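In what follows, every heavy atom counts, from backbone to side chain, and hydrogens, waters and symmetry copies are set aside. Model, not experiment: these values are computed from the prediction.
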Amino acid sequence: DFNSWPSTSGYTDHSKDGWTVINALMGTELAYAGNSPRMRNDSLPKYILSPFLAEGLGAISFYYRHWNGSSTVRYSLQLSTNATTWTNLEVLAISSTNYQLYSKYVNITNGVYFRLFWSSGVERVLFDNIDLSKPVPPASVSLSGWHMPLAPYTNDPVTLQAQALARNGAVNISVTSYYRVGTSGTYQALAMTKDGGVFTGITNITPKPVGTIVQYYFMATYDGPGAE
């Protein structure tokens, strides 16, 4: 954040701890928390530049808002290995006067600079709580499944069960099972509930005659770095 940066009464250039902010006022008015840089409402260049991130860049997050909602302002999210040649990662169209959270997982393992660079629109914009994390592998889940009983008789209902192990920060894991009778046709979704570390289908597959083939699979959804 910018809370320890000196406040200013006018628009100027700032630098601290390797960061550079060009053509901004540093103050508390409409700030997200403490001090926030208010980018100037003119057509001169303005940007926020990070120090060189020697270990790479895992995820980008920050808060942003429009000063008064009068006209859309666009800022480019850019990356560079030398602070001279820049590649656009995304263009952010800013029009809301409510603070919005931007978050993106990029997982770049070579050293880079990051900057928020004004591209169009003449109105003030505020940024705050810029967080650039180190690269980490994307979140994932190791999923294994089975049925119970393992060798069902013709009068046995079958329960589908699965275990999902979180990897690299995966959270909010849920699992759904899908099954069909035979080797063709549409799979039916079967919701599952979690008890301890095991997910269990909320209903059973009804008993089937001798020789019936039942196919099934499991799908996990989750949140975390790089989860989509």
Is it the case that the side chains of [Y] and [X] hold a donor-acceptor pair, with the cut-off being a distance below 3.5 Å and no angle test?
X: T200; Y: K194; value: no
X: S7; Y: N35; value: yes
X: W146; Y: Q161; value: yes

So does [Y] get a backbone contact from the side chain of [X], meaning a donor-acceptor N/O pair under 3.5 Å?
X: Y105; Y: V136; result: yes
X: S36; Y: Y32; result: yes
X: H14; Y: W5; result: no
X: N68; Y: S70; result: yes

- Query: Does Y102 have its ring centroid less than 6.0 Å away from the ring centroid of Y64?
  - Reply: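 For Y102 and Y64, the ring centres are not under 6.0 Å apart.
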- Message: Check the orientation of F114 and F62. Use parallel for under 30°, tilted for 30 to 60°, and perpendicular for over 60°.
- Response: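 F114 vs F62 ring planes: tilted.
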- Message: Check the orientation of Y63 and Y99. Use parallel for under 30°, tilted for 30 to 60°, and perpendicular for over 60°.
- Response: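 The rings of Y63 and Y99 stand perpendicular, inter-plane angle above 60°.
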For [X], look at atom [atom1] and say whether over 12 heavy atoms of other residues, nucleotides or ligands are found less than 6.0 Å away.
X: D195; atom1: CG; answer: no
X: K134; atom1: NZ; answer: no
X: E55; atom1: CD; answer: no

Joint cluster assignment, [X] & [Y], ILVMFWY side-chain distance < 4.5 Å:
X: Y11; Y: L30; result: no
X: I173; Y: L190; result: yes
X: I22; Y: M26; result: no

